[in-house]
2 protein chains.
Amino acid sequence: MKKTTIADVAKHANVSKSTVSQYLNQRYDYMGEQTKERIEKAIAELKYSPNILARGLKQKSSTTIGVIVANILHVFSTQVIRAIEDFCNEKDFHVIVCNADDDPVKEKRYIDMLRAKQVDGIIAFPTGENVELYKGIMEENYPVVFMDRLIPGITINTILLDNEQAAFLAVNEFVKKGHERIGVVSPPLTQKVTPRFERMEGYKKALEHHGIEFNPDYILSGEIEEMHTKLKKMMRLPVPPTAILAINDRTLIEILTYTKEEQVRIPEDLALINVDDVSFASIYNPALTTIAQPAFEMGKKAAEVLFDLIRDKGLSADVKVYRFKPELIVRESS
Amino acid sequence: MKKTTIADVAKHANVSKSTVSQYLNQRYDYMGEQTKERIEKAIAELKYSPNILARGLKQKSSTTIGVIVANILHVFSTQVIRAIEDFCNEKDFHVIVCNADDDPVKEKRYIDMLRAKQVDGIIAFPTGENVELYKGIMEENYPVVFMDRLIPGITINTILLDNEQAAFLAVNEFVKKGHERIGVVSPPLTQKVTPRFERMEGYKKALEHHGIEFNPDYILSGEIEEMHTKLKKMMRLPVPPTAILAINDRTLIEILTYTKEEQVRIPEDLALINVDDVSFASIYNPALTTIAQPAFEMGKKAAEVLFDLIRDKGLSADVKVYRFKPELIVRESS
DNA sequence: CTGAAAGCGCTTACAG
DNA sequence: CTGAAAGCGCTTACAG
């Protein structure tokens with residue numbers, strides 16, 4: 001089944017390829033009515049559809065962008081991708097999705113391959129490594145937007161949650177309910193991953209703001225695997241925390257596994273707030289008080305900024321960090 | 001910043017474009033050691049990376065496949081996509097993700113655009129419409145694999161859960177626990193969407209197998225919005241069901257919203273099993289008994305089958321329906 | 001062992 | 001108002 005090409009259409013309509021191409025690109029300026037009709041008919045009869053790859057070769061655009069997430073299984077990433085895809089669909093663009101698994105080697109490989117595929121731009125949740133790679137991209141003015149994470153020394157447009165504010169909202173809510181012994185649970189803080197790091201900062205500032213003394217025993221940070229033991233240890237302190245802020249959905253699951261096992265009552269024995277409005281928040285027993293991220297808006301913004309860069313050939317007037325407001329959703333766990 | 005092309009490399013290395021191309025494609029058969037080295041050096045110095053679009057134009061491959069899901073926000077779809085992407089990554093392929101939202105018009109648009117982009121194959125969760133479109137594709141031997149849904153009259157390789165078995169497992173578990181009044185909750189059964197339809201069939205067969213009389217009052221099907229009222233009605237029957245099979249995760253959420261609101265105790269007042277091992281199954285109170293789908297295996301299989309088709313130019317010897325076994329995970333709700 | 005030439009399917013000045 | 005020609009960046013017989 002040989003594909004029909006523009007040449008076939010031209011022959012069938014008795015015009016030149018150029019004229020067909022003009023027609024396809026809506027340059028009807030000087031085109032005769034009859035020519036137009038003949039071409040239209042030929043296209044319909046041959047069921048012709050142009051090869052976008054060939055067009056892209058000439059026009060230097062693949063009408064495709066790449067999105068590199070850590071892992072598409074994370075709900076936040078999924079929502080961001082959905083928003084980006086909706087935006088792209090309106091512009092007749094497609095999106096290639098890549099999972100870097102927080103692995104800088106995979107990240108670099110994907111970026112190189114996407115660029116080899118002439119992708120018009122990339123939205124990435126950067127691993128934080130590959131600084132040289134991104135520096136090079138910056139210098140070339142290749143369109144890139146960062147999502148969720150900042151890389152020190154790299155000035156690239158970035159979409160972020162107001163992470164400090166997120167922690168602030170949680171601590172405020174706890175204080176309002178009378179808590180003073182407020183703990184926080186986070187994945188490892190060794191790497192300066194933006195969301196974790198900033199949320200911790202916000203937590204500390206909020207305590208200070210409320211005149212609560214900072215207690216290092218109430219900060220739990222570690223790999224998911226060791227979280228259970230660490231949690232047990234923290235809750236068995238002579239004076240344990242009465243409220244806990246879970247820094248993301250993964251840590252929330254660990255905490256709930258623990259409270260279920262140990263039959264800890266929420267919020268009586270332990271109040272709980274987490275960042276990310278998980279799917280089961282309102283049906284859980286008790287319903288979970290959460291801090292929601294506007295994931296769809298953030299994804300949409302990332303797409304908008306990227307398309308502006310693409311239009312302006314990467315020469316954005318000013319590189320910005322866009323901060324989005326988190327929202328406290330009070331339910332029963334706080 | 002003009003991109004460096006194969007011509008630049010050729011000039012720099014003092015050879016012809018052909019030779020550079022041979023080098024790039026590892027056809028070293030007769031290539032002189034020095035030539036090789038000179039090219040290698042030139043590539044490194046110019047930081048050359050080939051334009052895959054141009055290569056694709058000649059080779060008639062975009063090393064890209066399309067995946068059309070109903071909605072990437074569904075966990076099952078996400079897992080399937082992740083498995084497909086991992087598979088593609090090993091083959092140096094990329095995947096374009098599209099959300100058809102169960103809208104046949106969007107579905108058709110995506111398929112047309114993906115094909116115009118010379119995508120090498122498509123994995124789709126078909127809406128069930130666009131029968132003519134798929135018939136045409138079939139006749140052209142264009143590589144397509146269906147996921148999750150069958151379309152009557154279209155013989156295309158399809159990956160499915162053994163849906164009857166899924167319902168069977170649930171009913172068996174209920175019967176084992178002494179239940180005889182077993183209900184089922186499903187989205188609308190009007191359209192013959194494969195999973196719903198087959199799971200209902202399995203439910204009926206299972207009842208028959210256990211000698212339980214089929215009671216139409218225990219079958220609830222409807223839009224998500226009206227489910228709550230219908231649920232209330234069913235539970236207020238003179239003789240209400242004592243166990244419910246939720247046909248997917250969306251209906252599960254509705255049921256749990258209801259039971260939470262009405263303080264129905266699970267499993268004492270109502271036993272519950274749902275298809276899809278949701279993320280909160282083990283931390284819910286009570287932990288949920290579920291039927292898990294092997295989503296990753298299913299996604300991987302879809303990719304394997306598609307790549308076989310691509311290799312064989314769509315001329316697969318035999319079109320098959322691949323059935324995957326569901327797994328009963330007994331927790332506390334049954 | 002390597003190069004000149006044609007071609008993949010388009011677009012785009014330019015000429016007439 | 002329309003066509004011939006060159007070119008986008010590759011690959012691939014074929015010749016030598």
Side-chain angles (χ1 to χ4, degrees), chain A residues 1-40 42-43 46-64 92 112-113 115-120, chain B residues 1-40 42-43 46-64 92 112-113 115-120:
Chain A
M1 226 309 302
K2 231 178 88 283
K3 283 244 179 177
T4 76
T5 74
I6 200 171
D8 301 324
V9 177
K11 197 179 297 171
H12 199 88
N14 242 311
V15 296
S16 76
K17 290 191 301 171
S18 325
T19 309
V20 178
S21 177
Q22 309 282 20
Y23 174 87
L24 290 173
N25 294 291
Q26 336 247 341
R27 304 173 149 265
Y28 303 133
D29 307 0
Y30 301 100
M31 200 172 292
E33 261 313 314
Q34 304 178 31
T35 321
K36 223 192 278 191
E37 277 163 22
R38 281 217 309 283
I39 296 176
E40 198 174 346
I43 289 178
L46 300 175
K47 294 190 183 168
Y48 169 70
S49 125
N51 179 332
I52 300 188
L53 242 51
R55 171 187 300 171
L57 182 60
K58 184 71 188 176
Q59 298 192 152
K60 302 193 168 310
S61 158
S62 58
T63 54
T64 304
D92 279 358
D112 290 342
M113 285 182 60
R115 298 204 58 190
K117 253 181 203 170
Q118 315 304 116
V119 142
D120 293 329
Chain B
M1 231 296 308
K2 233 178 86 285
K3 282 243 176 175
T4 76
T5 74
I6 200 170
D8 302 323
V9 177
K11 198 180 294 173
H12 199 88
N14 241 312
V15 295
S16 77
K17 289 193 302 172
S18 325
T19 309
V20 178
S21 178
Q22 310 282 22
Y23 173 88
L24 290 172
N25 294 290
Q26 337 247 340
R27 302 173 149 266
Y28 303 136
D29 307 0
Y30 301 100
M31 200 172 291
E33 260 315 314
Q34 304 179 34
T35 321
K36 223 189 280 189
E37 276 163 22
R38 281 215 312 283
I39 296 175
E40 199 172 345
I43 289 179
L46 299 174
K47 293 190 186 172
Y48 169 71
S49 121
N51 179 330
I52 299 188
L53 242 50
R55 173 186 298 170
L57 183 59
K58 184 70 186 174
Q59 298 191 153
K60 304 192 165 311
S61 159
S62 58
T63 54
T64 304
D92 278 359
D112 290 342
M113 286 183 57
R115 297 204 58 190
K117 253 180 203 172
Q118 314 304 118
V119 143
D120 294 329

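Note on naming: letters A, B, ... go to the chains in the order of the sequence lines (proteins, then strands), and numbering restarts at 1 for each one.
If you measure from atom CG of Leu24(A) to atom C1' of dG9(C), you get 12 Å, rounded to the nearest angstrom. The nearest whole Å value for the distance from the CZ atom in Arg38(B) to the C1' atom in dG3(C) is 13 Å. Distance, Asp8(B) CG to dC10(D) P: 9 Å, rounded to whole Å. One atom, NZ of Lys11(A), and another, C1' of dG9(C), lie 14 Å apart when rounded to the nearest Å. dT11(D) atom P lies 5 Å from atom CG of Asn25(B), rounded to whole Å. Rounded to whole angstrom, the span from the CD1 atom of Ile6(A) across to the P atom of dT12(C) amounts to 11 Å. Atom NZ of Lys117(B) is separated from atom P of dC10(C) by 15 Å (rounded to the nearest Å). Lys17(B) places its NZ atom 9 Å from the C1' atom of dA5(C), with the value rounded to the nearest Å.
Put simply, the side chain of Thr19(A) never gets that close to the backbone of Lys17(A): no donor and acceptor are under 3.5 Å apart. A donor-acceptor pair under 3.5 Å links the side-chain atoms of Ser62(B) to the main chain of Gln118(B), judged by distance alone. Checked by atom type and distance alone, the side chain of Lys11(B) never pairs as donor or acceptor with a backbone atom of Ser16(B) at under 3.5 Å. Asp8(B) places a side-chain N or O within donor-acceptor distance of the main-chain N or O of Thr5(B), the cut-off being under 3.5 Å.
Between Tyr48(A) and Asn14(B), the residue anchored nearer the 5' end of DNA chain C, judged by the nucleotide with its closest heavy atom, is Asn14(B).
Taking 4.0 angstrom as the limit, Thr19(A) places none of its side-chain polar atoms (N or O) nearer than this to OP1 or OP2 of dT2(D). Distances shown here put a side-chain N or O of Ser21(B) below 4.0 Å from the OP1 or OP2 atom of dT11(D).
The side chain of Thr5(A) lies closest to dG9(C) when the candidates are dT11(C), dT11(D), dG9(C). Among dG3(C), dT11(D), dT2(D), the nucleotide with an atom closest to any side-chain atom of Thr35(A) is dT2(D).
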Inset, instruction - Dot-bracket for DNA chain C, please, read 5' to 3', with Watson-Crick or G-U wobble pairs under 3.5 Å on both distances, ( ) within the strand, [ ] crossing, | other strand, . unpaired. - result: |||.||||||||.|||
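Shown here are the side-chain hydrogen bond (donor to acceptor under 3.5 Å, both in side chains) partners of Asp120(A), two or more places apart in sequence or in another chain: Ser61(A). Judged as a side chain to side chain contact (heavy atoms under 4.5 Å, CB included), and not counting sequence neighbours, the contacts of Ala42(A) are Val9(A), His12(A), Ala13(A). Partners of Asn14(B) by side chain to side chain contact (heavy atoms under 4.5 Å, CB included), not counting sequence neighbours, listed by chain and number: Arg38(B).
A side-chain donor from one of Lys117(B) and Thr64(A) sits under 3.5 Å from a side-chain acceptor of the other.
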Inset, instruction - Apply side-chain hydrogen bond (donor to acceptor under 3.5 Å, both in side chains) to the pair Ser18(B) and Ser21(B), showing each step before the final yes or no. - result: CA-CA 5 Å; Ser18(B) 325; Ser21(B) 178; over 6 Å; no
Distances under 3.5 Å only, N/O to N/O: pair up the protein atoms with those of nucleotides 13-16 of chain C.
none

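Sorted by residue number, the members of residues 50-59 of chain B with any non-hydrogen atom under 4.0 Å from DNA chain D read Pro50(B), Asn51(B), Ala54(B), Arg55(B), Leu57(B), Lys58(B), Gln59(B).
Across Ile6(B) and Tyr48(B), no two heavy atoms sit closer than the pair N-CE1, 3.6 Å. Taking each heavy atom of Thr35(A) and Val15(A) in turn, the nearest pair found is CG2-CG1, 3.7 Å.
Here CD of Gln34(A) is found 12.0 Å from CD1 of Ile39(A). Values are rounded to the nearest 0.5 Å.
Contact annotation for Lys60(B): backbone-only contact, meaning every heavy-atom pair under 4.0 Å involves sugar-phosphate atoms and none involves a base.
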